[in-house]
Amino acid sequence: RRKLMSCHLSADLKKKYDVRSIPVRKGDQVKIMRGTYKGREGKVQTVYRRRWCIHIEKIVREKGNGQQHQIPIHPSNCMISTLKLDKDRKALLERKKRVAKSSKKHTMENM
């Protein structure tokens, strides 16, 4: 489920890390790209794997009794603008970058 709950990286992060997408995580800054809340940004508060959604701070709706209710958003409709990095995440990015570099099918040596 973690892998299926991935988000694309923003253009500058894509260029920096040579990785297209990465599993979303609490603490990442995301921008919503599709749906009612398109264009809104916020920090990921929870990654709800059981329901295949993420909850983003400031994306809430008022309930009938006045309480705030978190709106679930599917990670495929979001784009990560800032990563929360630690040593495991850095290792994952390095690993993905290495695999991507080695599997480039059409290079000058092959032609």
Side-chain angles (χ1 to χ4, degrees):
R1 281 194 193 227
R2 179 174 168 274
K3 264 193 171 181
L4 287 166
M5 292 186 67
S6 294
C7 283
H8 281 287
L9 295 179
S10 64
D12 55 327
L13 289 175
K14 223 177 270 192
K15 197 174 286 182
K16 183 177 179 183
Y17 296 111
D18 286 328
V19 175
R20 181 193 285 193
S21 65
I22 193 167
V24 70
R25 183 173 167 182
K26 180 180 175 179
D28 288 344
Q29 194 80 24
V30 297
K31 181 177 182 183
I32 301 171
M33 304 302 284
R34 297 276 184 279
T36 312
Y37 299 95
K38 180 179 182 176
R40 303 260 306 263
E41 280 195 64
K43 192 182 271 188
V44 176
Q45 283 188 322
T46 57
V47 178
Y48 201 155
R49 290 186 189 163
R50 188 175 185 184
R51 289 187 59 198
W52 300 94
C53 68
I54 58 176
H55 292 134
I56 302 168
E57 148 184 307
K58 298 183 215 144
I59 308 295
V60 290
R61 180 183 291 147
E62 285 266 323
K63 284 172 46 173
N65 61 5
Q67 285 183 322
Q68 298 275 313
H69 177 256
Q70 287 279 315
I71 303 298
I73 293 172
H74 197 273
S76 67
N77 297 328
C78 299
M79 178 180 70
I80 297 175
S81 52
T82 311
L83 286 168
K84 181 186 176 196
L85 286 174
D86 62 359
K87 70 173 203 264
D88 294 325
R89 209 100 188 265
K90 285 177 184 169
L92 173 74
L93 285 166
E94 278 302 311
R95 198 166 59 239
K96 282 188 88 162
K97 183 192 269 187
R98 219 176 320 123
V99 169
K101 291 274 188 227
S102 66
S103 69
K104 295 272 188 216
K105 291 182 177 109
H106 302 295
T107 57
M108 293 309 277
E109 298 91 53
N110 293 347
M111 293 182 171

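One is the number of the first residue; the rest follow in order along the sequence. Excluded from the calculations below are hydrogen atoms, water molecules and symmetry mates; all remaining heavy atoms, backbone and side chain alike, are included.
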Student: Please step through side chain to side chain donor-acceptor pair (under 3.5 Å) for the pair Glu62 and Gln68, ending with a clear verdict.
Tutor: CA-CA 5 Å; Glu62 285 266 323; Gln68 298 275 313; 2.6 Å; yes
Student: For the residue pair Ile54 and Thr46, establish whether any side-chain heavy-atom pair is separated by less than 4.5 Å.
Tutor: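 The answer is no; the side chains never approach within 4.5 Å.
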Student: Any heavy-atom pair between the side chains of Met33 and Lys38 that's under 4.5 Å?
Tutor: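 In short, these two side chains do not touch, never coming nearer than 4.5 Å.
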Student: Can we say Asp28 and Arg89 salt-bridge, meaning some charged N sits less than 4.0 Å from an Asp/Glu carboxylate O?
Tutor: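 Yes, Asp28 and Arg89 are salt-bridged.
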Student: Are Arg40 and Ile59 packed together at the side-chain level, in the sense that at least one heavy-atom pair is separated by less than 4.5 angstrom?
Tutor: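 Side chain of Arg40 against side chain of Ile59, heavy atoms only: contact under 4.5 Å found.
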Student: Less than 4.5 Å apart, any side-chain heavy atom of Ile71 and any of Val60?
Tutor: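 No, side chains not in contact.
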Student: For the side chain of Lys96 and the backbone of Ser21, is there at least one donor-acceptor N/O pair under 3.5 Å apart?
Tutor: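 Flag set: sc Lys96 to bb Ser21 pair under 3.5 Å.
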Student: Can you tell me how far the OG atom of Ser81 sits from the NZ atom of Lys31, to the nearest 0.5 Å?
Tutor: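 Atom-to-atom, Ser81:OG and Lys31:NZ are 8.5 Å apart.
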Student: With a 4.5 Å limit on heavy-atom distance, are the side chains of Leu93 and Asp18 in contact?
Tutor: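 No. Closest side-chain heavy atoms not under 4.5 Å.
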Student: Any non-hydrogen side-chain atom of Ile22 less than 4.5 Å from a side-chain atom of Tyr17?
Tutor: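 With C-beta onward as the side chain, the pair stays apart.
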Student: Going by distance alone, is a donor N or O of one side chain under 3.5 Å from an acceptor N or O of the other, for Gln70 and Gln45?
Tutor: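 Yes, side-chain donor-acceptor contact under 3.5 Å.
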Student: Out of curiosity, does Val30 fall in the hydrophobic cluster containing Val47 (side-chain heavy atoms, cut-off under 4.5 Å, transitive links)?
Tutor: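 Result: yes, single cluster for both.
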Student: Hey, is Asp88 close enough to Arg25 for a salt bridge, meaning N to O under 4.0 Å?
Tutor: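 So Asp88 does not pair with Arg25 through a salt bridge.
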Student: Looking only at heavy atoms, what is the nearest atom pair of Trp52 and Arg1, with distance?
Tutor: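 The answer is NE1-NH1, 3.0 Å.
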Student: Do any side-chain atoms of residues 3-16 form donor-acceptor pairs under 3.5 angstrom with protein atoms, and if so which ones, sequence neighbours left out?
Tutor:
residue: Ser6; atom: OG; partner: Lys3; partner atom: O; Å: 2.6
residue: Ser10; atom: OG; partner: Asp12; partner atom: OD1; Å: 2.6

Student: Looking at side-chain heavy atoms only, is the closest gap between Ile73 and Cys78 below 4.5 Å?
Tutor: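 They are in contact (side-chain heavy atoms under 4.5 Å apart), so the answer is yes.
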Student: Do the numbers put Arg51 on top of the ring of Tyr48, so that NZ or CZ is under 6.0 Å from the six-membered ring centre and no more than 45° off the axis?
Tutor: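 Satisfied, under 6.0 Å and within 45°.
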